[in-house]
Each structure stands twice: as structure tokens, then as C-alpha cells.
Protein chains: 2
Amino acid sequence: MRLKKKTEIPHECSKVFMAIRDSMELLSGKWKIQIIGVLLYKGTLRFMDLLREVDGIGAKMLSKELQELELNELVKRTVCNTKPITVEYEITEYGKTMKAMISEITHWGSEHRKRIFKKSR
Amino acid sequence: MRLKKKTEIPHECSKVFMAIRDSMELLSGKWKIQIIGVLLYKGTLRFMDLLREVDGIGAKMLSKELQELELNELVKRTVCNTKPITVEYEITEYGKTMKAMISEITHWGSEHRKRIFKKSR
DNA sequence: CAGGATCCGTGACGATACTG
DNA sequence: CAGTATCGTCACGGATCCTG
């Protein structure tokens with residue numbers, strides 16, 4: 001999915017659909033939900049670990065997505081003063097409020113996968 | 001958000017994260033969830049009605065998104081043979097299985113909006 | 001190790017005009 | 001009314017190189 005910070009034109013949309021839009025604005029992008037997911041299930045991780053855990057992501061994207069998530073106070077960034085710098089990322093309390101939502105998404109996704117699998121044989 | 005049908009490289013990702021990916025592949029795109037949402041809450045609608053209900057969407061995008069949703073059997077398309085052609089769209093039974101997920105997304109979105117609102121004053 | 005800078009292709013998305 | 005065709009833009013996102 002791809003979002004633009006486009007010209008809001010809220011001519012007359014109900015609060016329900018504005019809410020959907022708010023969520024999607026954050027969740028959109030190939031990675032954010034996956035990052036949150038990983039952080040939610042695996043706890044505190046370093047940059048390199050995330051790079052490995054999140055599967056296909058590249059360093060540039062990971063960095064960018066993490067910054068956005070940090071701005072939205074969904075993840076916390078901690079710099080450790082080790083020899084070669086290390087940075088740890090973890091979910092904030094606020095980030096945890098997404099758990100129910102992520103869980104529903106995961107659940108539907110796995111059901112959907114089953115369905116697709118059945119059809120393709 | 002923006003997805004590519006990129007080269008699956010499932011080197012070692014858990015089923016959980018594959019599930020998230022499956023969902024996001026469908027939900028990604030600025031509009032799909034909103035369309036499902038509208039259809040879910042308002043029932044059967046014609047093309048023009050959707051064009052109005054979904055807020056900022058254009059005809060081209062709406063058309064394209066609907067086709068994809070139809071392919072995934074999430075919505076049903078019905079052509080009525082009226083004088084000027086009319087087409088009606090409605091959620092399929094399968095599409096209704098997304099309800100819980102959409103509802104969680106909506107819920108979190110509205111909470112998030114409250115939070116943003118508080119901070120901006 | 002973390003992550004910024006740069007270069008670059010592809011495609012998501014929009015506006016407009018057109019057809020049955 | 002319900003789309004399709006065409007065209008253009010710019011963000012997404014990958015690869016590579018570079019630094020503290």
C-alpha cells in the first residue's frame with residue numbers, strides 16, 4: 001500500500017471511516033506492522049536483529065520506518081554506549097495497545113492463507 | 001503504504017509473520033479497507049455511491065481496487081440490466097470474516113485520534 | 001554496529017478525457 | 001452510469017558507498 005500525505009478533503013466522512021484512515025496512515029507501508037509484530041513477540045531487539053527478523057527489509061527502510069514509529073511513540077529507541085555503538089528498540093506501553101489489532105490481523109491472515117492454499121490444488 | 005509482489009524470500013520467518021504479510025498484501029493500498037468498511041456497514045452499493053462514500057477516491061482507483069477485491073472473493077459484483085447500466089457491489093460471506101479485524105482497526109484508530117487530538121493543544 | 005547520502009527504477013496514484 | 005485509456009508525478013524502496 002502506498003499513502004500520500006495528500007490534501008485532506010474530509011468533505012463529509014463519518015467518524016468510523018476517519019478512524020480507519022487514521023489507522024491505515026500508520027499501518028500502511030510494507031513494514032510497520034511487521035516491525036511492531038516482531039517487537040511485540042520478541043521483546044527488545046537491536047537494529048541488526050530487526051534487520052534479520054523482519055525478513056525482506058533493507059537497512060534504509062528499517063531505519064526510516066523505525067523513526068516514524070518512534071515519532072508516533074509506538075517504539076522506544078535506546079542507545080547503549082558499548083564499544084561499537086549499539087541501539088535497542090522496544091515497544092512502548094502505547095505500542096502495546098495495538099496488540100489486539102495486530103492479533104486480529106494475524107488471525108485473519110492465517111485463515112486467509114489456509115483458504116488460498118486449499119484453492120491452489 | 002505500498003507493496004510489491006516482491007520475490008518471496010522466506011528464509012526463516014515464522015508463520016505468525018507470514019500471516020501478517022498475507023493480510024497486509026490485501027489490505028495495503030490506500031483504499032481497500034475503507035471500501036470493505038463502507039460495504040460492511042452500508043450494505044449493497046452502486047459504483048457511484050461508493051465513489052461518494054469512500055471520500056477521496058477517484059473512479060480509476062475505485063474500479064481497480066474493486067476488481068482486486070472481487071478476485072479475492074471479498075466482494076460480489078452484480079450487473080443490473082437497467083436503462084443506463086447499473087452495477088451493485090456487496091460484501092461476500094467470506095468478506096464478512098474480516099469484520100472482527102476491521103472493527104479492531106477502527107477501534108484503535110479512533111483511540112489514536114483522541115490521543116493525537118489531546119497532544120495538539 | 002547504526003544509519004545517513006546518493007543514485008535510480010518501478011509502479012501506485014491522480015486528473016482528464018473518452019466510450020457503450 | 002460504469003468504467004477504460006492515456007499521461008504524468010512522485011514516493012517507495014533497493015543497492016551501494018560512507019562515516020562515527
Side-chain angles (χ1 to χ4, degrees), chain A residues 1-11 21 24-35 38-39 44-71 75-90, chain B residues 1-9 11 21 24-35 38-39 44-72 75-90:
Chain A
M1 167 195 321
R2 200 269 205 86
L3 280 200
K4 285 186 180 171
K5 293 88 189 181
K6 194 53 187 327
T7 56
E8 298 291 305
I9 318 168
H11 77 99
R21 200 163 240 227
M24 291 319 287
E25 205 150 313
L26 270 174
L27 304 185
S28 271
K30 219 167 160 175
W31 309 112
K32 293 213 182 61
I33 303 199
Q34 287 188 71
I35 295 175
V38 171
L39 252 22
T44 303
L45 288 177
R46 282 175 307 160
F47 190 84
M48 276 317 240
D49 295 329
L50 278 169
L51 212 49
R52 251 172 274 113
E53 293 289 346
V54 181
D55 183 34
I57 201 171
K60 178 180 146 189
M61 276 304 117
L62 180 55
S63 170
K64 204 189 104 195
E65 302 286 78
L66 282 171
Q67 282 175 34
E68 291 182 28
L69 292 175
E70 197 190 352
L71 272 180
V75 309
K76 190 170 77 128
R77 199 183 99 112
T78 317
V79 183
C80 315
N81 40 0
T82 46
K83 312 77 178 283
I85 274 185
T86 317
V87 182
E88 293 186 335
Y89 291 91
E90 59 184 313
Chain B
M1 167 193 322
R2 203 274 203 79
L3 282 198
K4 283 188 182 170
K5 293 90 191 181
K6 194 54 186 327
T7 55
E8 297 293 305
I9 319 169
H11 78 99
R21 201 164 240 228
M24 290 319 287
E25 203 151 315
L26 270 174
L27 304 185
S28 270
K30 221 167 159 176
W31 308 111
K32 292 210 182 62
I33 304 201
Q34 286 187 73
I35 295 175
V38 171
L39 251 23
T44 304
L45 288 178
R46 282 175 308 160
F47 190 84
M48 275 318 239
D49 295 329
L50 278 168
L51 212 50
R52 251 172 274 113
E53 293 290 345
V54 182
D55 184 34
I57 200 170
K60 178 179 146 189
M61 275 304 117
L62 180 55
S63 169
K64 202 189 106 197
E65 302 285 79
L66 282 171
Q67 282 175 34
E68 292 182 28
L69 292 175
E70 198 191 349
L71 271 180
N72 286 287
V75 309
K76 188 170 77 126
R77 199 182 99 113
T78 317
V79 182
C80 316
N81 40 359
T82 47
K83 313 83 180 277
I85 273 184
T86 317
V87 181
E88 293 185 335
Y89 291 92
E90 60 184 315

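Throughout, protein chains are lettered first and strands after them, A, B, ... in sequence-line order, and every chain is numbered starting at 1. Keep in mind that the numbers below use all heavy atoms, side chains included, and drop hydrogens, waters and symmetry copies.
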Specify the separation, in whole Å, of atom [atom1] of [X] and atom [atom2] of [N].
X        : N       : atom1 : atom2 : result
Lys83(B) : dA2(D)  : NZ    : P     : 14 Å
Glu70(A) : dA2(C)  : CD    : P     : 15 Å
Met24(B) : dA12(C) : CE    : P     : 15 Å
Leu62(B) : dA15(C) : CG    : C1'   : 16 Å
Gln67(B) : dA12(C) : CD    : P     : 14 Å
Leu51(B) : dC1(D)  : CG    : P     : 10 Å
Ile85(A) : dC1(C)  : CD1   : P     : 13 Å
Arg52(B) : dA2(D)  : CZ    : C1'   : 13 Å

With a 4.0 Å cut-off on heavy atoms, is [X] in touch with a base, just the backbone sugar-phosphate, or nothing at all?
X        : result
Lys64(A) : sugar-phosphate
Met61(A) : base
Glu88(B) : nothing

State whether [X] places a side-chain N or O below 4.0 Å from either non-bridging phosphate oxygen (OP1 or OP2) of [N].
X        : N      : result
Ser63(B) : dA2(D) : no
Tyr89(B) : dG3(D) : yes
Thr82(B) : dC1(D) : no

Discussion item. Do Arg21(B) and Asp55(A) have side chains that approach each other closer than 4.5 Å (heavy atoms only, starting at C-beta)?
Written reply: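 Arg21(B) reaches Asp55(A) side chain to side chain.
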Fill in: Closest approach of Tyr89(A) to Leu39(A) (non-hydrogen atoms, all atoms of both residues)
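Result for this residue pair: O-CD1, 4.0 Å.
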Worksheet item: Looking at dA12(C), dC7(C), dA2(C), which one has an atom nearest to any side-chain atom of Lys60(A)?
Response: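 From the listed options, dC7(C) comes nearest.
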Worksheet entry | Among dT4(D), dG14(D), dC13(C), the nucleotide that comes nearest once only the side chain of Trp31(A) is considered |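 The answer is dG14(D), which lies nearest to the side chain.
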